[in-house]
Number of protein chains: 2
Amino acid sequence: MGRTSDAREKLLAAALDLIWTSSYGGVSVDDICVRAGVNKGSFYHFFPSKSDLAVAAYEAHWQEKRPAMDAVFSSQNPPLDRLIDWCRRIQEGQTEMHAQYGFVVGCPYANVGSELATQDPKIRAKTQEMLDRGFRYIEAAIADAQRQGLIDVADATAAAKQVSSCVLGLLIQAKIENDPGLLSELEPTMMRLLGAKMVPA
Amino acid sequence: MGRTSDAREKLLAAALDLIWTSSYGGVSVDDICVRAGVNKGSFYHFFPSKSDLAVAAYEAHWQEKRPAMDAVFSSQNPPLDRLIDWCRRIQEGQTEMHAQYGFVVGCPYANVGSELATQDPKIRAKTQEMLDRGFRYIEAAIADAQRQGLIDVADATAAAKQVSSCVLGLLIQAKIENDPGLLSELEPTMMRLLGAKMVPA
DNA sequence: TCACCAGTTAACCGAACGGTCAAATAATTC
DNA sequence: GAATTATTTGACCGTTCGGTTAACTGGTGA
């Protein structure tokens, strides 16, 4: 039935890349098309609107990152190791992008979510959903750590909420100061919030 | 020397209001002019560009809020009371704006900072400066609390950095979920980070 | 082989964008 | 009251915005 194309995938990748390193409002449909090497007509063949593309791009990004997240947060791994490993990966990823683009780019979901939360209900809801997916990993890890007596928290869900907010906050701070070094505070902040029992180095 | 005018102040107020409840990219110079009841020619009589207006608007907002911050963080007040009072005010302010606009609007500085950090160096630097001003209040309060043995932290500056990041993170989270109720976690998160000694209710 | 149809192309749309300008106006100073 | 000058006015500029359209192309399935 008709011809096939990878234009859709190229548009998703271009959109993620450009919006992540700039902002939703700072990137035009034309910019995305040029980067993807696709005509605007094709853009609107695959996506009804710019915001629909953004939503699809974030969904695609998640699907790509999901296996790595599943591995990091595998229940085979000790719960605190999962969290520490995750912190390390965030720091490495941001440091790498900082080297590549000259900027700390922060969390792609939170970036657009914060920008458009009061303007585009669909994007706001999608952002919330994306962040919630990450939250569930954290929550499970913290609940496991709690069960194993590794940390000192009363309510695992509440603690997970605090932890995820702090990670978001540190990413924003690092972006605004454009300093990936701030992200070395990720792990200590998290451990402090969890009242983690100290492990001798 | 020529006539006087309050157009500048009206533009500053309109810009703050519109950008805070929407976003920098989501508000046009025309929008701001209409809200302020000022012609576009007058806009460019007072400000060389849209981004210069934004910077001036945030500076004006700070100057307006500064007396209240000085009062809250007065060294006459017990250090932890300062922080707790501040949390309460943030929560109240966001709840009020949520009732008025239908949205959790978050921190005005962090909002634009996060949106434009990778695009506009002047705004990025200004945002960093604004957040640093708030940081100094927190840092002083935490240092005082530490001296008085009210909390359990090794490095007051590092702890202040963690606290300010977490506040930022909770505000973003509340904005994305559009739920001011999340901000009730402000105080407990902060106290936990500081290892505050429990005070019997 | 050929009909079908997903995908491509590039010109085009009206609206909105940030910003400019020269002339008109009114408040202040002397 | 005249000279000065900060402010106001609203038309105007070229560009870019998100999105549309209709004709065209070529791979696929029958």
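This is a predicted model, so every value here is computed, not measured.
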**Student:** Determine whether a donor-acceptor pair (N or O, by modelled atom type, separation under 3.5 Å) exists between the side chain of A:N39 and the backbone of A:S42.
**Tutor:** no
**Student:** Enumerate the residue pairs fulfilling salt bridge (Lys or Arg N to Asp or Glu O under 4.0 Å) with a member in residues 116-137 of chain B, sequence neighbours excluded, ordered by first and then second residue.
**Tutor:** B:D52-B:K122, B:E59-B:K126, B:E59-B:R133, B:K126-B:E129, B:E129-B:R133, B:D132-B:R136
**Student:** Please determine if B:R82 and B:D85 form a salt bridge, counting it only when a charged side-chain N lies under 4.0 Å from a carboxylate O.
**Tutor:** no
**Student:** Under the side chain to side chain contact (heavy atoms under 4.5 Å, CB included) criterion, do A:W62 and A:Y109 qualify, and how do the steps go?
**Tutor:** CA-CA 10 Å; A:W62 173 267; A:Y109 314 133; 3.7 Å; yes
**Student:** Which pairs pass salt bridge (Lys or Arg N to Asp or Glu O under 4.0 Å) with one or both residues in residues 156-180 of chain B, sequence neighbours excluded?
**Tutor:** A:K161-B:E177, A:E177-B:K161
**Student:** Under a 3.5 Å cutoff, is there a donor and acceptor pairing between the side chains of A:N77 and A:S74?
**Tutor:** no
**Student:** Report the end-to-end axis angle of the helix from C:dT1-D:dA30 to C:dC30-D:dG1; each axis comes from five terminal pairs, and the value is rounded to 10°.
**Tutor:** 20°
**Student:** Before giving the answer on side chain to side chain contact (heavy atoms under 4.5 Å, CB included), spell out for A:Y24 and A:I123 the whole-Å C-alpha distance, their side-chain angles and the decisive distance to 0.1 Å.
**Tutor:** CA-CA 11 Å; A:Y24 182 85; A:I123 286 193; 4.1 Å; yes
**Student:** Any donor and acceptor pair, going by atom type alone, linking the side chain of B:S165 with main-chain N or O of B:Q162 inside 3.5 Å?
**Tutor:** no
**Student:** Please list residues of residues 15-36 of chain A whose heavy atoms come under 4.0 Å from any atom in DNA chain C, ordered by number; otherwise none.
**Tutor:** none
**Student:** With sequence neighbours left out, write down each residue that passes disulfide bond (SG atoms under 2.5 Å apart) with B:C166, or none if nothing qualifies.
**Tutor:** A:C166
**Student:** Nearest 0.5 angstrom please: B:R88 CZ to B:L83 CG, how far?
**Tutor:** 13.0 Å
**Student:** If you look at every heavy atom in A:L131 and A:C107, which pair is closest and at what distance?
**Tutor:** CD2-SG, 4.3 Å
**Student:** Could you pull out all residues at least two apart from B:Q91 that satisfy side chain to side chain donor-acceptor pair (under 3.5 Å)?
**Tutor:** none
**Student:** Using modelled atom types only, decide if a donor and an acceptor are shared between the side chain of B:N178 and the backbone of A:T118 within a distance under 3.5 Å.
**Tutor:** no
**Student:** Any salt bridge (Lys or Arg N to Asp or Glu O under 4.0 Å) pairs touching residues 65-80 of chain A, not counting sequence neighbours?
**Tutor:** A:R66-A:D70
**Student:** Below 4.0 Å from chain B heavy atoms, what is the first contacting nucleotide of DNA chain D and what is the last?
**Tutor:** D:dT5 to D:dG10
**Student:** Pull out every protein N or O sitting under 3.5 Å from an N or O of nucleotides 9-12 of chain C, one pair per line with the distance.
**Tutor:**
from: C:dT9; atom 1: O5'; to: A:N39; atom 2: ND2; distance (Å): 3.3

**Student:** Looking at B:Y44, I'd like to know if the NZ or CZ of B:K50 sits under 6.0 Å from its six-membered ring centre while staying within 45 degrees of the ring's axis.
**Tutor:** no
**Student:** Provide the closest heavy-atom pair for A:G106 versus A:N111 in the form atom of the first, atom of the second, distance.
**Tutor:** C-ND2, 4.2 Å
**Student:** Does either side chain, that of A:E115 or that of B:S114, offer a donor lying less than 3.5 Å from an acceptor on the other one?
**Tutor:** no
**Student:** Could you list by number each residue of residues 44-54 of chain A showing a heavy-atom separation from DNA chain D of less than 4.0 Å, or answer none if no residue does?
**Tutor:** A:Y44, A:S49, A:K50
**Student:** For A:S22 and A:I19, indicate whether the former's side chain and the latter's backbone hold a donor-acceptor pair under 3.5 Å.
**Tutor:** no
**Student:** Could you check which residues of residues 115-126 of chain B get a heavy atom under 4.0 Å from DNA chain C? Sort them by number, please.
**Tutor:** none
**Student:** What is the distance from atom CD1 of A:I138 to atom OG of A:S164, rounded to the nearest 0.5 Å?
**Tutor:** 5.0 Å
**Student:** Might you list the N or O atoms of the protein lying below 3.5 Å from N or O atoms in nucleotides 28-30 of chain C, with each pair's distance?
**Tutor:**
from: C:dT28; atom 1: O4'; to: B:G2; atom 2: O; distance (Å): 3.4
from: C:dT28; atom 1: O3'; to: B:M1; atom 2: N; distance (Å): 3.4

**Student:** Are A:R192 and B:V153 close enough, and set up right, to give a side chain to side chain contact (heavy atoms under 4.5 Å, CB included), and what steps lead you there?
**Tutor:** CA-CA 10 Å; A:R192 182 154 250 278; B:V153 299; 4.0 Å; yes
